[in-house]
Amino acid sequence: MNKVTVVGSGIVGLTTAICLQEKGFQVRIVAREPHLNTLSVKVGAIWFPFEVHPAEKAHRWASLAYQRYLMERDHDCGVSFIPFISAYTAESDNSWINQLPAGTVRELKPEELPKAIHFAHEAIVPLAEPHKYLPYLFHRFIENGGSFEEKAIENLQELAQLNELVINCTGLGAKALCQDDDLHPMRGQILRCEKLNVPAIVNSTKRGSLSYCIVRSDDCIIGGTDYENDWNSTINPSDTQMILDRFNTFGFDQQTPVIIEEIVGLRPRRSAVRFEFDTHYTNVFHNYGHGGAGFTVAWGCAEELSEIVSKS
Ligand SMILES: Cc1cc2nc3c(=O)[nH]c(=O)nc-3n(C[C@H](O)[C@H](O)[C@H](O)COP(=O)(O)OP(=O)(O)OC[C@H]3O[C@@H](n4cnc5c(N)ncnc54)[C@H](O)[C@@H]3O)c2cc1C
């Protein structure tokens, strides 16, 4: 049986590991932080291709992932499909909605639009609640015969020596590991709040004015910020106030959100997802830099990657 080591246990590493198992590989995951301490566990996480590039590949991966989530939702693992409103303007690139199956997206009528929004779609999209879904994926990986080792890798040479085939799914950690100048953080502060009776919604039409609400089974996530190249991982109270103010502009008729937890996460942003064999360490395949859409595209990347490496 072919052996492979996946480095990283966020959504990208776990989906990659499972797709490789499905191709018959014996898989070990090595990661500095186990799945419950990764960025991936902190976020929404809704299917929406936000800040992931290039668009053409991201759309293909997102479409494959959508199909996977259709199968996942029957497993009681935190995956559901919910209506999600996305605002747009004349300048917006709406090509992502073409990835959605027929009959799952519609234009909102003027009388249905939240306040301060002029145009919006409502689409039925996957929601993968990470605190349920990541443990589920990890246990599935272990039950499939996988093993896990908690360990920090210092450099690419050490990474390449881990196995005859190594998949690098280290998210923002790849910046130091690969000396990657293109990879950088996009800081996102979000508020985990008591569940609200409002629709799930995003307005990402203007850089610097991101606003969204993801309604989950037991809580909701209200966001957020999209600060490029900002490494600050501490809570900024003025961001919290700004997030609440922007949320209020939707005009939903309900009480002020009750904050359970303020959270900061750094999106692993890159001009293009790094999805290729390393030219120097040719046994290493890189799969990192999924920006604000790791949950949206991870299954698609994992399926394509497992096809590529099983043929190589
Ligand atoms: C506020 C916010 C909201 C978001 N909302 C959404 C959303 O609604 N939908 C969506 O699709 N996406 C969303 N995202 C984006 C998504 O969270 C990321 O794209 C995704 O989590 C990246 O996953 P990953 O597995 O690549 O990285 P991570 O989850 O960061 O995992 C990286 C793994 O690599 C390991 N690692 C790193 N360096 C090393 C090293 N040197 N040695 C060993 N191990 C190492 C880490 O320990 C960890 O296990 C959001 C992001 C933020 C910040």
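This is a predicted model, so every value here is computed, not measured. Atoms within a ligand are numbered from 1 in the order they appear, just like the ligands themselves. The figures that follow rest on heavy atoms only: side chains count, while hydrogens, waters and symmetry mates do not.
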closest protein heavy atom to atom 15 (C) of ligand 1 is Gly291 O, 3.3 Å
**Request:** Taking the side chain as every heavy atom from C-beta outward, state whether Asn168 and Tyr281 have any atom pair closer than 4.5 Å.
**Result:** no
Are Gly224 and ligand 1 in contact, using a heavy-atom cut-off of under 4.0 Å?
no
Sorted by chain and number, sequence neighbours left out, ring-ring contact (aromatic ring centres under 6.0 Å, His included) with Phe48 holds for Phe84, Trp96
the protein heavy atom lying closest to atom 4 (C) of ligand 1 turns out to be Val43 CB, 3.5 Å
| query | Under the side chain to side chain donor-acceptor pair (under 3.5 Å) criterion, do Asp181 and His184 qualify, and how do the steps go? | reply | CA-CA 7 Å; Asp181 292 336; His184 59 275; over 6 Å; no
The atoms of ligand 1 lying under 4.0 Å from a heavy atom of Cys169, numbered in the order shown, are 32 (C), 33 (C), 34 (O)
Q.
Pairing donors with acceptors under 3.5 angstrom, does anything connect the side chains of Thr225 and Asp239?
A. no
message: Any donor-acceptor pair under 3.5 Å linking the side-chain atoms of Tyr136 with those of Glu72?
response: no
Salt bridge (charged side-chain N to carboxylate O under 4.0 Å, His left out) filter on Arg192, not counting sequence neighbours, yields Asp219, Glu261
Filtering Thr38, Leu39, Leu172 for the heavy atom nearest atom 48 (C) of ligand 1 leaves Thr38
Are any of the side-chain heavy atoms of Ile214 and Ile190 separated by less than 4.5 Å?
-> no
- request: Take Glu33 and Ser9 through the test side chain to side chain donor-acceptor pair (under 3.5 Å) and record every step on the way to the result.
  value: CA-CA 7 Å; Glu33 287 102 13; Ser9 65; over 6 Å; no
- Task: Please check if the side chain of Ser306 supplies one atom and the backbone of Leu20 the other of a donor-acceptor pair under 3.5 Å.
- Result: no
- Query: Can you list the steps and then say if Val309 with Phe277 is a side-chain contact (heavy atoms from CB on, under 4.5 Å)?
  - Reply: CA-CA 9 Å; Val309 302; Phe277 277 108; 3.9 Å; yes
Checking heavy atoms under 4.0 Å, the part of Tyr212 that sits near ligand 1 is side chain
Ligand 1 to Gly8, heavy atom cutoff 4.0 Å, flagged ligand atoms 33 (C), 34 (O), 35 (C), 49 (O)
closest protein heavy atom to atom 9 (N) of ligand 1 is Ile46 O, 2.7 Å
So the atoms of ligand 1 within less than 4.0 Å of a heavy atom of Ala293 turn out to be 10 (C), 11 (O), 12 (N), 15 (C), 19 (O)
The atoms of ligand 1 lying under 4.0 Å from a heavy atom of Phe295, numbered in the order shown, are 10 (C), 11 (O), 12 (N)
Nearest non-hydrogen protein atom to atom 12 (N) of ligand 1, with distance, is Gly292 O, 3.1 Å
Logged contact type for Ala174 with ligand 1, heavy-atom cut-off 4.0 Å, is neither
re atom 44 (N) of ligand 1, the protein heavy-atom contact at minimum distance is Arg32 N, 2.9 Å
shortest atom 24 (P) of ligand 1-to-protein heavy-atom contact is with Val12 CG2, 3.7 Å
Quick look: Lys151 vs ligand 1, heavy-atom contacts under 4.0 Å, and the answer is backbone
Gly265 heavy atoms within 4.0 Å reach ligand 1 at atoms 53 (C)
Atom 27 (O) of ligand 1 has as its nearest protein heavy atom Gly171 CA, 3.9 Å
Tested for side chain to side chain contact (heavy atoms under 4.5 Å, CB included) against Phe148, the lone hit among Val30, Ile29, Val27 is Ile29
Answer yes or no: does an N/O atom from Ile153 fall short of 3.5 Å to an N/O atom of ligand 1? yes
Quick look: Thr296 vs ligand 1, heavy-atom contacts under 4.0 Å, and the answer is both
Quick note on ligand 1: atoms under 4.0 Å from a heavy atom of Ala152 include exactly 42 (N), 43 (C)
May I ask whether Gly223 has any heavy atom positioned less than 4.0 angstrom from an atom of ligand 1?
-> no
**Report entry** Any donor-acceptor N/O pair, Thr38 side chain to Gly10 backbone, under 3.5 Å
**Finding:** no
shortest atom 28 (P) of ligand 1-to-protein heavy-atom contact is with Ser40 OG, 3.8 Å
